[in-house]
Each structure stands twice: as structure tokens, then as C-alpha cells.
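Beneath this line is the structure, given in C-alpha cells, with notes to follow.
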Amino acid sequence: MHAILPPLQSNPAIVALPVEGYADAVVSVPLGASGPRPVVVATHGAWDAPEGLCDDQRWIFHDRAWVVCPRGKPVGDGTFRYGSADALAREIDADVAALEARYPGYVDASAMLYTGFSLGAILGPSIIARDPGRFPAAVLIEGGEDRWSPALAAKYAKGGGRHVLLACGLKSRVPGAQHAATTLQHAGVDAHVVLGKLPETGQFIHWYNGPIAEETRAQLPWLLDGDPRWGSGPF
């Protein structure tokens, strides 16, 4: 039983999070939370920035969870990238520790959801397979489908990996995503593939919001599999 804490307040709801040894992360605060809420770790693409993806993920999860968005290293023109899976894993650790220190009692980082777009998705399989119990579910958007070898899928399943959503914005990615889903399923991980397109033009794009976000949100009841930490009712 957790103690009831004062409801969380923040204006704006998306704020910078100072992290020792790293550039500030970006965090979506679960407004009104009076106890621990689960954590979404959202990693952006190359030559990108965390603010846009964090705003997109807040639209998906609202106030049900924290969304922590690592910044990475600057590459010019206000954009950033992650140097490697090892570097990103260390930055995630530092970001989550900073979050727990800044909001004591409000953070449940026991089983987090990993979301990655493009480069964040490419690095994602390596990161979540290192500690599947820490990341039992993941959303890989426009990347990472070619990283799932049978051995890595088996490692993820054996360690407690349960669900992987492969979200495609480009139609050309679907065959690779379907192959990855089959590999994961054979290992014992439930995996789904979704494809989003712009309704006005019917175009498929390399991005994470709009129809991709809508497809992702529609999959949350399956992805989160009744975990009571995420609350009840429709997303």
C-alpha cells in the first residue's frame, strides 16, 4: 500500500529535467497523480530533439504515466543524437534516477515501457534485451525490425519480455516488421505490426505522430496487458 501524496501539479505539463552529467531530459508529468505512476522511456531519432516526441507521447498516455525523453548529444542546429546503445542505456539510467530523486514517491520504474523512433527504435532491441524485466514491453517506430535475431528474441523472452509493437509509417517497412514479429512470436513474445498513413493524402511517411500515434494508442490495451498501474478506462 502506497502513501497518498499531494496531487502532482505542473504548469506546463512537459518540463525539463536536469540530469547530472547529461543535457537536460524532457519529462511529461502525470498531473493529479497522488502515488507512483509507471514510466515510458521515449527515445527520438537522429538529428532530432526530445521535445516533439515527448509531446506526442503525452497525447498517447495523458496523465497515466511519466514520459521521460533522453536528449542525447548535440549535433548542431538544435538537434541531437545518441552515440550508441551503451551510451543511451547509461543516459536512460541517469534520467530515471534523476526523475525518482526529483519526484520521490511518485515514480514506479519497476517495469517501464520503451518507445523508440528511428534511431531510438534501432537501438531499442539491444537495450530492452539487456534487462527484459525492466522493459517487458516496447514500441519500435520506423526502425529496429532488422535487429531481432532469433537469439536476441529468445533472450528477451527468457528474461521476461512480453509485448513488442512494430509501428510503421513507411509501407516498405511492413515486410521486415512482419518478419521481426514472427521471430519474436516464435521465441514467445507477443508482437503486433501496425501501419499508419495520412488520411488526407494517403501518404506514408517516416514519422511518429498523427496516424502512427493513433495506431499506437489503439494498441495500448493489448500492449499494457491489464497492468493496473496504468489505470482503467479507455485510452
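Residues L170 and H206 share a closest heavy-atom pair of CD2-N, 3.8 Å. Contact record, V189 with A153: CG2-O, 4.3 Å, taken as the closest heavy-atom pair. What you find for A121 and G116 is that their closest heavy atoms are CB-O, 3.3 Å. For the pair L152 and P125, the tightest heavy-atom approach, listed with the atom from each and the gap, is CD2-CB, 3.9 Å. Residues G188 and A157 share a closest heavy-atom pair of C-CB, 4.4 Å. Considering every non-hydrogen atom in both A137 and L223, the closest pair reads CB-O, 4.0 Å.
Residues P30 and R64 fail the side-chain proximity criterion, which asks for heavy atoms closer than 4.5 Å. Residues Y114 and I92 have side chains in contact (heavy-atom distance under 4.5 Å, counting atoms from C-beta outward). Using a 4.5 Å cut-off on side-chain heavy atoms (C-beta onward), V96 and M112 make contact. Side-chain contact check for L123 versus S84: every heavy-atom pair is 4.5 Å or farther apart. At a threshold of 4.5 Å between non-hydrogen side-chain atoms, the residues K73 and Y82 do not count as touching. Contact annotation: the side chain of P70 approaches that of L88 to within less than 4.5 Å [non-hydrogen atoms, C-beta and beyond]. Contact of the H186 side chain with the T182 side chain is registered, since non-hydrogen atoms from C-beta on lie closer than 4.5 Å. No side-chain heavy atom of I212 sits less than 4.5 Å from a side-chain heavy atom of D56.
Between the side chain of Y156 and the main chain of P136, a donor-acceptor pair closer than 3.5 Å is present. Looking at E215, its side chain never comes within 3.5 Å of a backbone N or O of A167 through a donor-acceptor pair. Of the possible polar contacts, one joining the R58 side chain to the V29 backbone as a donor-acceptor pair under 3.5 Å is found. Although no hydrogens or angles enter the test, the distance criterion places a donor-acceptor pair under 3.5 Å between the side chain of T43 and the main chain of T115. Proximity of a side-chain donor or acceptor of Q57 to a complementary backbone N or O of V40 within less than 3.5 Å is not detected. Side chain of D108 to main chain of P36: no donor-acceptor pair is present (N/O by atom type, distance under 3.5 Å, no hydrogens or angles).
Salt bridge annotation for D95-R90: absent, with no cationic side-chain nitrogen under 4.0 angstrom from a carboxylate oxygen. Remark: R162 does not engage D190 in a salt bridge, criterion side-chain N to carboxylate O under 4.0 Å.
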key: Test side-chain contact (heavy atoms from CB on, under 4.5 Å) applied to S28 and H62, step by step   = CA-CA 9 Å; S28 170; H62 300 296; over 6 Å; no
Working for side-chain contact (heavy atoms from CB on, under 4.5 Å), residues R147 and S126 = CA-CA 8 Å; R147 301 303 170 103; S126 173; over 6 Å; no
task = Using the side-chain contact (heavy atoms from CB on, under 4.5 Å) rule, take Q178 and R173 through it: C-alpha gap first, then chi angles, then the decisive distance, then the call.
result = CA-CA 9 Å; Q178 290 174 334; R173 285 194 177 274; over 6 Å; no
ask   = Passes ring pair (Phe, Tyr, Trp, His ring centres under 6.0 Å), F117 versus W207? Steps please.
value = CA-CA 8 Å; F117 165 68; W207 202 230; 5.6 Å; yes
query = Could you go step by step and tell me if H179 and E145 meet the side-chain contact (heavy atoms from CB on, under 4.5 Å) rule?
reply = CA-CA 8 Å; H179 178 75; E145 64 273 5; over 6 Å; no
query = Are D86 and R130 close enough, and set up right, to give a salt bridge (Lys or Arg N to Asp or Glu O under 4.0 Å), and what steps lead you there?
reply = CA-CA 10 Å; D86 288 341; R130 297 178 190 198; 2.5 Å; yes
Test log, rule ring pair (Phe, Tyr, Trp, His ring centres under 6.0 Å), inputs W66 and F61 = CA-CA 9 Å; W66 297 93; F61 293 98; over 10 Å; no
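With rounding to the nearest 0.5 Å, the separation of CG in L184 from CG in L166 is 6.5 Å. The CZ atom of R217 sits 7.5 Å away from the CD atom of E214 when rounded to the nearest 0.5 Å. To the nearest 0.5 angstrom, T183 atom OG1 is 11.0 Å from D146 atom CG. Distance CD1/I122 to CD/E142: 10.0 Å, rounded to 0.5 Å. The OG atom of S110 sits 10.5 Å away from the CZ atom of R134 when rounded to the nearest 0.5 Å.
Checked by atom type, the side-chain pair T79/D77 shows no donor-acceptor distance below 3.5 Å. A side-chain N or O of Q219 and one of H192 form a donor-acceptor pair less than 3.5 Å apart. Using modelled atom types and a 3.5 Å distance limit, the side chains of Y208 and H44 yield no donor-acceptor pair.
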Run the side-chain donor-acceptor check on residues 6-21: report pairs under 3.5 Å with partners two or more places apart or on a different chain.
from	atom 1	to	atom 2	distance (Å)
S10	OG	P12	O	2.5

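Residues V68 and L140 share a hydrophobic cluster, clusters being chains of Ile/Leu/Val/Met/Phe/Trp/Tyr side chains in contact below 4.5 Å. I141 and I127 fall into different hydrophobic clusters, where Ile, Leu, Val, Met, Phe, Trp and Tyr residues are linked whenever their side-chain heavy atoms come under 4.5 Å apart, directly or through other members. Criterion: ILVMFWY side-chain heavy atoms under 4.5 Å apart, direct or through other members. Under it, V139 and V194 are part of a common hydrophobic cluster. I205 and I60 fall within the same hydrophobic cluster, where Ile, Leu, Val, Met, Phe, Trp and Tyr residues are linked whenever their side-chain heavy atoms come under 4.5 Å apart, directly or through other members. One hydrophobic cluster, built from ILVMFWY side chains closer than 4.5 Å, holds both L31 and Y106.
For H163 and F135, the ring centers sit 6.0 Å or farther from each other. For W47 and F80, the ring centers are positioned 6.0 Å apart or more.
Judged as a salt bridge (charged side-chain N to carboxylate O under 4.0 Å, His left out), and not counting sequence neighbours, E91 has no contacts.
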